[in-house]
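For reference, the structure is listed below as structure tokens.
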Protein chains: 2
Amino acid sequence: MFAALGDETRLSVLGRLAHGEPQSIARLTAGTRLTRQAVTKHLRVLEGAGILRSVRVGRESRFALEPKPIDEARAYLDDVSRQWDDALARLKAFVES
Amino acid sequence: MFAALGDETRLSVLGRLAHGEPQSIARLTAGTRLTRQAVTKHLRVLEGAGILRSVRVGRESRFALEPKPIDEARAYLDDVSRQWDDALARLKAFVES
DNA sequence: CATAAACGCAACAAAAAGGTTGCTCATTAG
DNA sequence: CTAATGAGCAACCTTTTTGTTGCGTTTATG
């Protein structure tokens with residue numbers, strides 16, 4: 001999941017898909033300096049991580065965002081952050097005792 | 001940032017640091033099947049991403065969590081999620097009009 | 001129907017990531 | 001003081017990622 005997000009190209013694709021409608025591969029390729037196949041691979045990675053969902057309509061594949069995995073990632077970070085806060089609080093309590 | 005989180009070993013290190021006190025490299029290595037150097041590399045990656053902070057105390061380096069970058073990542077995911085919700089809302093409004 | 005657009009698949013090349021080994025240095029413990 | 005522990009550095013190897021090129025297939029368009 002995080003590995004899928006850990007790439008500039010994929011993050012930019014995500015950004016473009018986040019605030020618009022589903023887009024085809026050719027459309028997503030325009031605006032990058034990469035070939036269509038390179039972009040395709042990135043899209044498949046994101047799809048494999050469950051972040052995107054693709055639908056074939058006519059001769060094009062349209063990719064759209066799938067918000068659930070993103071929420072899960074957010075929840076995970078919440079967890080880490082909260083655990084750390086707790087650990088600090090315990091440390092503080094220990095030091096002050 | 002996400003790239004730094006996108007590795008099992010590093011995630012587990014993060015998990016172990018999240019709910020405890022700062023730990024040395026040798027300590028973090030125990031419990032993995034990796035060599036100390038391998039773990040060291042992962043720690044440096046996390047440090048390079050700003051997720052960890054290391055302090056040399058005596059002959060050991062202790063690593064601790066730095067919560068700010070994690071909050072930033074969370075905020076980013078919030079953003080993407082919110083933008084997508086808005087996009088869906090706009091689409092819905094458009095369809096119903 | 002002929003052509004072009006959008007895509008999938010496979011082979012390949014280059015670069016980056018992940019990991020090990022060997023050696024050295026500094027710090028602590030006995 | 002001596003030995004052992006905790007680390008840093010560098011070279012090297014293997015695997016994964018990232019990207020390209022070439023070719024074939026399906027769908028739309030003039």
Side-chain angles (χ1 to χ4, degrees), chain A residues 1-18 20-66 69-70 73 76 80, chain B residues 1-18 20-66 69-70 73 76 80:
Chain A
M1 167 73 209
F2 286 127
L5 296 178
D7 177 278
E8 283 298 330
T9 302
R10 290 198 286 269
L11 266 195
S12 88
V13 164
L14 203 67
R16 289 173 62 183
L17 283 178
E21 60 225 66
Q23 292 182 28
S24 71
I25 297 179
R27 205 133 153 45
L28 287 169
T29 300
T32 73
R33 269 174 252 96
L34 301 178
T35 60
R36 176 178 53 83
Q37 279 76 0
V39 174
T40 299
K41 284 193 183 178
H42 286 299
L43 290 171
R44 297 304 174 196
V45 170
L46 288 168
E47 189 180 19
I51 300 171
L52 297 186
R53 194 171 98 285
S54 77
V55 181
R56 188 89 193 229
V57 41
R59 67 181 163 188
E60 57 185 26
S61 308
R62 298 209 184 130
F63 284 79
L65 211 106
E66 196 69 48
I70 292 181
Y76 174 81
V80 168
Chain B
M1 167 72 208
F2 287 126
L5 295 178
D7 176 278
E8 284 297 330
T9 301
R10 291 198 286 267
L11 267 195
S12 87
V13 164
L14 203 67
R16 290 173 62 184
L17 283 179
E21 61 226 65
Q23 293 182 28
S24 70
I25 297 180
R27 205 132 152 44
L28 287 169
T29 300
T32 72
R33 268 173 253 97
L34 300 179
T35 60
R36 177 177 53 83
Q37 279 75 0
V39 174
T40 299
K41 283 194 184 179
H42 285 301
L43 289 171
R44 297 302 173 196
V45 169
L46 287 168
E47 189 181 20
I51 299 171
L52 296 187
R53 193 171 98 288
S54 76
V55 181
R56 188 89 193 230
V57 41
R59 68 181 162 186
E60 55 185 27
S61 308
R62 297 210 184 130
F63 284 79
L65 211 106
E66 196 70 50
I70 292 181
Y76 174 81
V80 168

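Letters A, B, ... mirror the listed sequences (proteins, then strands); counts begin at 1.
- A distance-only check finds no donor-acceptor pair linking the side chain of A/Arg62 to the backbone of A/Pro22 [under 3.5 Å].
- At the heavy-atom level, B/Arg27 lies nowhere under 4.0 Å from the strands shown.
- Looking at heavy atoms from C-beta onward, B/Asp7 lies in side-chain contact with B/His42 at the 4.5 angstrom threshold.
- Heavy atoms of B/Ala38 sit under 4.0 angstrom from at least one base atom.
- Mapping B/Phe63 and A/Arg10 onto DNA chain D via the closest heavy atom, the residue that lands nearer the 5' end is B/Phe63.
- Across all strands, A/Arg62 comes closer than 4.0 Å to no nucleic acid atom at all (heavy-atom distances).
- Counting only heavy atoms from C-beta outward, the side chains of B/Phe63 and B/Arg27 never approach each other to under 4.5 Å.
- Following rounding to the nearest Å, A/Arg36 (CZ) and D/dT25 (P) show an atom-to-atom distance of 15 Å.
- Look at B/His42 and you won't find any side-chain N or O under 4.0 angstrom from OP1 or OP2 of C/dA17.
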Polar atoms only, N or O, under 3.5 Å: list the protein pairs with nucleotides 28-30 of chain C and their distances.
none

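- Using modelled atom types, no side-chain atom of B/Arg53 and backbone atom of B/Glu66 make a donor-acceptor pair closer than 3.5 Å.
- The shortest distance between the side-chain N/O atoms of B/Thr40 and the OP1/OP2 oxygens of D/dA7 is not below 4.0 Å.
- Contact between the side-chain N/O atoms of B/Thr35 and the OP1/OP2 oxygens of C/dT20 is found at a separation under 4.0 Å.
- Within 3.5 Å, a donor on the side chain of A/Gln37 pairs with an acceptor on the base of D/dG22, or the reverse.
- At whole-Å resolution of the value, CG in A/Leu28 and P in C/dC7 are 9 Å apart.
- In this model, the phosphate group of D/dG8 is approached by a side-chain N or O of B/Ser61 to a distance below 4.0 Å at OP1 or OP2.
- Regarding A/Lys41, its NZ atom lies at a distance of 7 Å from the C1' atom of D/dT18, rounded to whole Å.
- OP1 or OP2 of C/dA26 has not a single side-chain nitrogen or oxygen of B/Arg56 nearer than 4.0 Å.
- Under a 3.5 Å cut-off, the side chain of B/Arg16 and the backbone N or O of B/Leu28 do form a donor-acceptor pair.
- For A/Ser61 against A/Arg56, the heavy-atom pair with the smallest separation is OG-CD, 3.6 Å.
- In this structure, A/Ile25 atom CD1 and D/dT26 atom P are separated by 17 Å, rounded to whole Å.
- Between B/Ile51 and B/Leu5, some side-chain heavy-atom pair lies under the 4.5 Å cut-off.
- Contacts of B/Glu60 with the nucleic acid, taken as non-hydrogen atoms under 4.0 Å apart, involve only primed sugar atoms and P, OP1 or OP2.
- Going from atom CG of B/Leu43 over to atom C1' of C/dG19 covers 14 Å, rounded to whole Å.
- Rounded to whole Å, the distance from CZ on A/Arg44 to C1' on D/dT17 is 18 Å.
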